[in-house]
Amino acid sequence: MSTVEATHLRTYGHFIGGRAVPQSDTTFERISPADGRVLATYTAGTRADALDAVAVARTAFDEGEWPHWTAMDRGRALLRCAGLMREHEEHLARIDAEETGKPITLARGDVAASIELFEYAAALAMTMHGEAHTALGDDCTAMVVREPAGVVGMIIPWNFPLLLLAQKLPFALGAGCTAVIKPAEFTSGTALELARLLTEAGVPDGVVNVVTGAGSVVGAPLAESPFVDILSFTGSTETGKRIVEASAGSVKRLSMELGGKAASVVFADADLDDALDGVLFGVFFNQGECCVSGARLLIQDSIADAFLSRLVEAAGRITVGGPLDEASELGPMIDAGHLANVLGHIDAARRDGATVLTGGGRLDGENWGRGHFVAPTILDGVGEESAAFQEEIFGPVLTVTRFSDVDHAIRLANATEYGLAGSIWTKNIDKALRVAREMRSGRVWVNTTIDGAPQLPAGGMKQSGFGREMGQAGFDEFTDVKTIQIRTGPRTRVFPNWTGGNR
């Protein structure tokens, strides 16, 4: 594992009201998951800090100018921010790479995709419109208008700190909302950097606010506060359930992208070279710390042994390394606790009868130092009742289950509580469309995986959540629909005896 010169220690406070708040006396450190260095220190926010940020965002929405800017002007501000992000692209990528442990090449891709999301959201902002109904009778005209929904709370996970924020924030801002962002404690850097860039781009003070700290302390007030109109959350299903409970008192709108256990379904008639590459990418992308990770390989039994032989060989050639190593393809787990959790899942699968075809443990020794590295792992013979098949492992671990025919494949694909994403590998278009329609997932890829574009909405079914991000649907999440109906000419009286005239 090659070494790269250490980055200087970054120090952050909150970002509230258009300015960086000086760091408080109570802080926490972000330790590198690759080598144990201290990367940054952040303010450990309090409930009062979160409520202060909500109050600022509330005032900025109720009394400020941003919701009243023209759609063109809001779009231009987002485009200016996209330009600034491009100027600082390497800086943002390095922060995310160091804090998450992901390879720098992947972090650069995250930043590039985030810039595209800002540009697309700017276009949606510029074209925001309602409807006019002019065929309701000669005396009636009606408008259906879209208005900004208000203050949006955003709780962002640690695996894609900038990208998942960019799937929410520019769409909310383009609609005219204000925001309070709670990034993950592990990976708060790029959210704070982005808030600064938005202010530099001309977004008024108080429109974007960032508060760092523990979710139970800083995130909970966003769910509970009656002054937050929408809460957009990405994270685990269990945390999502607690947020639903906490938000009940304020009856706010929720948008929830929760856990996943995506299947990669490989049929015998697939292009097996493409499928091999796609399965590897689907599970080992971002160390498997990805909610749409293709963590379950469902393979047709007639080709399973030959396909797995090639898959194991290819997995053994994956370059595991530090986040700033340009050759690295797979980095460390986010922290020691998650490392232990992933290893625990592998051990449990062994006890349930799974066969470890490759990997299966921690990478240690002098090449890995204090890093939280797990070897790319493939587990064969995983039954649908086992925890490894049913539970989100969130690491570089692929389970293998064989199927006999299309009906069997569909049943296995749907045999978990999750429904976030899935991939199908076949050259038979009839088969592809049938499986895609019957797969209970918010996203289905055919002959590709973990693919997308800003125009395409994403979200889950079943225990994977509700609401959509990106696309027109993702923009509409942050708007309220209002009907305005206008009658013209003399009114036909309902109570003529009281008001005069004829009914």
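Values below: every heavy atom of this structure, side chains too, minus hydrogens, waters and symmetry copies.
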When you measure from the side chain of Lys261 to the backbone N and O of Thr416, does any donor-acceptor pair fall under 3.5 Å? no

Salt bridge (Lys or Arg N to Asp or Glu O under 4.0 Å) partners of residues 182-197, not counting sequence neighbours, each pair once: Lys182-Glu185, Glu193-Arg196, Arg196-Glu200

Any ion pair linking Glu116 and Arg86 (charged N to carboxylate O, less than 4.0 Å)? no

Side chains of Arg108 and Thr105: is there a donor and an acceptor less than 3.5 Å apart? no

Working for side-chain contact (heavy atoms from CB on, under 4.5 Å), residues Met439 and Ile410: CA-CA 6 Å; Met439 189 180 283; Ile410 292 169; over 6 Å; no

Compare all side-chain heavy atoms of Leu379 with those of Val400 and state whether any distance is below 4.5 angstrom. no

Run the salt-bridge test on Glu238 and Arg242 with the 4.0 Å N-O cut-off and return the result as yes or no. no

Side-chain donor-acceptor contact under 3.5 Å, Gln463 with Glu417: no

Minimum heavy-atom distance between Val54 and Ser225, given as atom pair plus value: CG1-OG, 3.8 Å

Side chains of Leu339 and Val374: closer than 4.5 Å at any heavy-atom pair? yes

Relative to each other, are the rings of Tyr42 and Tyr12 parallel, tilted or perpendicular (30° and 60° limits)? parallel

Among pairs that include at least one residue of residues 306-364, which meet ring-ring contact (aromatic ring centres under 6.0 Å, His included), considering only residues two or more places apart or in two chains? Trp158-His338

In this structure, OG1 of Thr100 is separated from CG of Leu162 (nearest 0.5 Å) by 11.0 Å

Restricting to non-hydrogen atoms, name the atom on Cys291 and the atom on Leu420 that form the minimum distance, rounded to 0.1 Å. O-CD2, 3.4 Å

Short side-chain donor-acceptor distance under 3.5 Å, Glu98 and Ser32: no

Side chain proximity check, Ile230 to Phe478, heavy atoms < 4.5 angstrom: yes

Flag if over 12 foreign heavy atoms under 6.0 Å of CZ, Arg411: yes

Under the 3.5 angstrom rule, does the side chain of Thr27 hit a backbone N or O of Gln23 as a donor-acceptor pair? no

Side-chain heavy-atom pair Val208, Leu173 within 4.5 angstrom cut-off: yes

Applying side-chain contact (heavy atoms from CB on, under 4.5 Å), run through Thr401 and Phe389 and close with a yes or a no. CA-CA 9 Å; Thr401 308; Phe389 186 96; 3.5 Å; yes

Nearest-0.5 Å distance that lies between atom CG in Leu192 and atom CD1 in Ile95: 9.0 Å

Going by side-chain hydrogen bond (donor to acceptor under 3.5 Å, both in side chains), name the residues that satisfy it together with Arg19, two or more places apart in sequence or in a different chain. none

Is it the case that the side chains of His372 and Asp335 hold a donor-acceptor pair, with the cut-off being a distance below 3.5 Å and no angle test? no

CA sep, side-chain torsions, deciding dist, call: Asn159, Phe394, side-chain contact (heavy atoms from CB on, under 4.5 Å): CA-CA 10 Å; Asn159 53 338; Phe394 224 61; 3.4 Å; yes

Do Lys168 and Ser232 have side-chain atoms, one donor and one acceptor, less than 3.5 Å apart? yes

Is there side-chain contact between Ile156 and Thr234, with at least one heavy-atom pair below 4.5 Å? no

Indicate yes or no for a side-chain donor-acceptor contact from Ser309 to the backbone of Ala306 under 3.5 Å, with no hydrogens or angles considered. no

Apply the test salt bridge (charged side-chain N to carboxylate O under 4.0 Å, His left out) to residues Arg443 and Asp451: give CA-CA distance (whole Å), side-chain angles for both, the deciding distance (0.1 Å), then the verdict. CA-CA 10 Å; Arg443 275 194 284 185; Asp451 207 344; over 6 Å; no

Glu87 side, atom CD; Leu92 side, atom CG - distance, nearest 0.5 Å: 11.0 Å

Do Thr237 side-chain atoms and Gly259 backbone N/O form a donor-acceptor pair below 3.5 Å? yes

So, the side chain of Arg30 versus the backbone of Glu99: is there a donor-acceptor pair under 3.5 Å, distance only? yes

Ignoring hydrogens and angles, tell me if any N or O in the side chain of Ser236 forms a donor-acceptor pair with the backbone of Thr239 under 3.5 Å. yes

Under 3.5 Å: donor-acceptor pair, side chain of Asp352, backbone of Val382: no

Report yes if the side chains of Val21 and Thr43 come closer than 4.5 Å at any heavy-atom pair, otherwise no. no

Contact check, side chains of Arg362 and Phe373, non-hydrogen atoms, under 4.5 Å: no

Strictly by salt bridge (Lys or Arg N to Asp or Glu O under 4.0 Å), give each pair with a member in residues 270-284 just once, sequence neighbours left out. Asp273-Arg310

Check whether Thr377 reaches the backbone of Ala375 with its side chain - one donor and one acceptor, N or O, closer than 3.5 Å. yes

Heavy atoms of Ala57 and Val180 approach each other most closely as CB-CG2, 3.7 Å

Leu198 side, atom CG; Leu169 side, atom CG - distance, nearest 0.5 Å: 6.0 Å

Does Arg440 use its side chain to pair, donor to acceptor, with the backbone of Gly419 at less than 3.5 Å? no

Do side-chain atoms of Thr41 reach the backbone of Phe28 as a donor and acceptor pair under 3.5 angstrom? no

Kindly compute the distance separating CG (Leu164) from CE (Met154), expressed to the nearest 0.5 Å. 12.0 Å

Please find the pair of heavy atoms, one from Thr449 and one from Gly278, that lie closest to each other, and give the distance. CG2-O, 3.4 Å

Quick one, Asp49 with Val218, criterion side-chain contact (heavy atoms from CB on, under 4.5 Å). Give me CA distance, side-chain angles, the key distance, then yes/no. CA-CA 8 Å; Asp49 293 333; Val218 181; 5.9 Å; no

Which heavy atom of Ser114 sits nearest to which heavy atom of Met85, and what is that distance? CB-CE, 3.9 Å

Examine the side chains of Ser328 and Asp325 and answer whether a donor and an acceptor come within less than 3.5 Å of each other. no

Could you work out, with side-chain hydrogen bond (donor to acceptor under 3.5 Å, both in side chains) as the rule, every residue matching Ser464, not counting sequence neighbours? none

Is the ring pair Phe285/Phe281 parallel, tilted or perpendicular, if the boundaries are 30 and 60 degrees? tilted

Pair Thr355-Asp380, side-chain donor/acceptor within less than 3.5 Å: no

For Asn286, the side-chain hydrogen bond (donor to acceptor under 3.5 Å, both in side chains) test, sequence neighbours excluded, returns Lys102

Find the distance between CD1 (Ile155) and CG (Leu231) and round it off to the nearest 0.5 Å. 4.5 Å

Are the side chains of Phe118 and Phe171 in touch, meaning some heavy atoms are under 4.5 Å apart? no

Over all atoms of both residues, closest heavy-atom pair of Pro183 and Val210: CD-CG1, 3.8 Å

